[in-house]
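Here, residue 1 is the first one in the sequence, and each next residue gets the next number.
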Amino acid sequence: MILLWRITTACNFACGFCAYDRRLGFARTAADPAEVERVTLLAAGLALRRGERLLVGWLGGEPLLWPPLLDLSARLARHPATAISATTNGSRLLAGPVQAALLAHFSELTLSVDGPGAVHDRLRGAPGSYERLRRAALNLAAGRRSGGSRLKLRVNSVLMRDTVGHFPALCRTLAGWGVDEITFNQL
């Protein structure tokens, strides 16, 4: 069973192809942490009774901007039927507590990477974001090896005219970062 939560519409990137682009002038909202926990534990209980696993996927905006995320994820990960996942632009991944929490409590992490360095940075409206993603992925892969974490690293890439030609080389590069899986969306 999979439970996807769009926990925040806040984002710190300016991706012109995304409905949560920081430049868009709409009121940003966030989920109520108590309600997220209540509903997730109900679903986890159902999964346990059915002999299944519940994968809880955090989405945004940028889910790592939601303040309750790490503490709530740690609590939910203790449930015997629950696995935790998130999709992120990577902007918060180099913070030490974030990486430690991901390695300790998350089963999957999906990074948004759209092309090589300058292409990615331009599409995301975030100079230096590709390099931060690279460093974070390498750190997480090393932490996984040294600490026994089973965190699966995945990348999702947006394929469009500007990026499709770079995709084969990007896949090879991402494998070198320690990424386990690559998925894509076509625009």
Side-chain angles (χ1 to χ4, degrees), residues 1-15 18-22 24 26-48 53-113 124-126 128-130 132-144 147-156 177-181 183:
M1 192 178 337
I2 299 172
L3 178 60
L4 297 176
W5 278 105
R6 184 160 314 279
I7 51 176
T8 182
T9 59
C11 190
N12 54 350
F13 276 18
C15 310
C18 180
Y20 303 102
D21 182 322
R22 71 172 181 243
L24 297 175
F26 64 89
R28 304 299 172 139
T29 60
D32 173 28
E35 186 67 2
V36 170
E37 187 167 14
R38 184 187 75 77
V39 171
T40 301
L41 289 173
L42 286 172
L46 175 63
L48 187 63
R53 294 279 291 163
L54 173 67
L55 178 64
V56 180
W58 305 128
L59 302 173
E62 172 49 47
L64 292 174
L65 294 176
W66 191 55
L69 180 74
L70 298 181
D71 290 338
L72 179 58
S73 296
R75 287 194 308 276
L76 293 172
R78 289 192 284 271
H79 190 283
T82 304
I84 307 296
S85 174
T87 298
T88 179
N89 65 26
S91 60
R92 304 285 307 249
L93 291 178
L94 290 176
V98 172
Q99 287 199 6
L102 292 170
L103 289 166
H105 306 297
F106 282 61
S107 297
E108 300 178 358
L109 183 67
T110 301
L111 309 172
S112 298
V113 184
R124 295 286 169 165
S129 62
Y130 177 87
R132 287 189 299 276
L133 276 166
R134 184 189 71 78
R135 288 189 358 242
L138 290 170
N139 289 347
L140 287 166
R144 184 173 58 179
S149 172
R150 294 193 310 231
L151 178 69
K152 179 187 292 185
L153 289 175
R154 178 183 293 121
V155 163
N156 189 65
W177 292 3
V179 169
D180 302 300
E181 296 178 356
T183 60

For this session: May I ask you to decide if the ring planes of W66 and W58 are parallel, tilted or perpendicular, using 30° and 60° as cut-offs?
Result: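 Taking W58 first and then W66, their aromatic rings sit tilted (interplane angle of 30° to 60°).
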
State which residues pass side-chain hydrogen bond (donor to acceptor under 3.5 Å, both in side chains) with [X]; sequence neighbours excluded, sorted by chain then number.
X: R134; value: E131
X: D71; value: none
X: N139; value: none
X: D21; value: R23

Exercise. Are D180 and R144 ion-paired here, with the side-chain N under 4.0 Å from a carboxylate O?
Worked result: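 Salt bridge flag = yes for R144 with D180.
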
Looking only at non-hydrogen atoms, find the nearest pair between [X] and [Y] and report the distance.
X: F26; Y: A19; result: CE2-O, 3.5 Å
X: L111; Y: A137; result: CD1-CB, 4.0 Å
X: I84; Y: A77; result: CG1-CB, 4.0 Å
X: P33; Y: L72; result: O-CD2, 4.2 Å
X: S129; Y: R124; result: OG-CB, 4.4 Å
X: L69; Y: P63; result: CD2-O, 3.5 Å

Under the side chain to side chain contact (heavy atoms under 4.5 Å, CB included) test, residues paired with [X] that sit two or more places apart:
X: R92; result: L64, L65
X: N156; result: T110, T183, N185
X: T40; result: L3, W5, V36, L54, V56, L76
X: P67; result: none

Exercise. Do any pairs count as a salt bridge (Lys or Arg N to Asp or Glu O under 4.0 Å) and have a residue in residues 58-68, sequence neighbours left out, and if so which ones?
Worked result: none

For this session: Keeping to residues at least two apart or across chains, list the salt bridge (Lys or Arg N to Asp or Glu O under 4.0 Å) pairs with something in residues 31-43.
Result: E35-R38, E37-R75

Problem set entry | Evaluation steps, side chain to side chain contact (heavy atoms under 4.5 Å, CB included), between Y20 and T8 | CA-CA 10 Å; Y20 303 102; T8 182; over 6 Å; no

For this session: Sequence neighbours left out, what passes ring pair (Phe, Tyr, Trp, His ring centres under 6.0 Å) with W177? Give chain and number order.
Result: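 Per chain and number, W177 pairs via ring pair (Phe, Tyr, Trp, His ring centres under 6.0 Å) with Y130.
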
Problem set entry | Expected output: side-chain R22 to main-chain N12 donor-acceptor under 3.5 Å |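 Answer holds: yes.
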
Problem set entry | side chain to side chain contact (heavy atoms under 4.5 Å, CB included) between R53 and M1, worked out | CA-CA 6 Å; R53 294 279 291 163; M1 192 178 337; over 6 Å; no

Report all side-chain donor-acceptor pairs from residues 93-109 shorter than 3.5 Å, counting only partners two or more places apart or in another chain.
| from | atom 1 | to | atom 2 | distance (Å) |
| --- | --- | --- | --- | --- |
| Q99 | NE2 | L93 | O | 2.8 |
| E108 | OE1 | R154 | NH1 | 3.0 |

Exercise. Can you check whether T88 reaches S112 side chain to side chain, under 4.5 Å on heavy atoms?
Worked result: no

Exercise. Considering only heavy atoms from C-beta outward, does the side chain of I2 approach that of L4 to under 4.5 Å?
Worked result: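 Yes, their side chains come closer than 4.5 Å.
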
Exercise. So how far is it from C18 SG to L24 CG, rounded to the nearest 0.5 Å?
Worked result: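 Answer for the SG-CG pair, C18 versus L24, is 8.0 Å.
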
